[in-house]
Amino acid sequence: MAVRPIPRIGDPVLRRPTDDVTAGQFADSAFQQLVDDMIETMQDANGAGIAANQVGVSLNVCVIGVDRNARYPYKPPIPLTVLANPVIRPLDEERWLNNEGCLSVPIRGDLYRRMNIEVSAQDRHGNPFTQIYRGLSAGTVQHEVDHLGGRLIVDRMNDPTSMTTWENFQRHGLEAYLERIAPIIARTEPRTDHTE
Ligand code: NI
């Protein structure tokens, strides 16, 4: 396993739509090594997700996983999941205003994400599955699938004045953001304080 370098905004590999993982590639040791390296690179950088083109490989596969993340301490946990050839199906029209960062982009900013999505994908061995994601976790999936299509967060930021450095987000934006997303998290997290 190895941590691979992460290309940054301006590198053409981030703008090229990725090629689907073919049936034959799943059995290829180079593909399995790529997935292992993506996981290690994501964890090394404290990312919530990483797309293959973020390690310079233009293939339609991403990894997501959140567990007490130092970079995004407010994010609910997501089990480590490999999504090959993912397709998002929105479950409704609801959207919410997130603020996102990216391992390939040095700024954060506000953008809208869908609240409820169903993802059809293949696991790292090519087995198909579907999974429903909501709220912040749905935002993470949409962010990575954007990467796989060559899109970056700056493409979706409808208010350029919301753009900040990470340092200034911590100083000036974090408190208001946490207030804004509290109801989103409350709706999507399993609640232990009462029964329905
Ligand atoms: Ni990103």
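Order of appearance sets the numbers: ligands from 1, and atoms from 1 within every ligand.
- Tested against R156, the residues N98, D110, D146 include a single side-chain contact (heavy atoms from CB on, under 4.5 Å) partner, D146.
- Listed for the S137 side chain is no donor-acceptor partner under 3.5 Å among the backbone atoms of Y133.
- The backbone N or O of E94 lies less than 3.5 Å from no partner atom in the side chain of N116, so there is not a single donor-acceptor pair.
- Protein-derived N/O/S atoms nearer than 2.8 Å to the Ni ion (ligand 1) total 3, waters excluded.
- Residues T130 and E118 have side chains that never bring a donor and an acceptor to within less than 3.5 angstrom of each other.
- In this structure, F129 places its CZ atom where more than 12 heavy-atom neighbours from other residues, nucleotides or ligands lie under 6.0 Å away.
- Ring-centre distance between W96 and Y177: not below the 6.0 Å cut-off.
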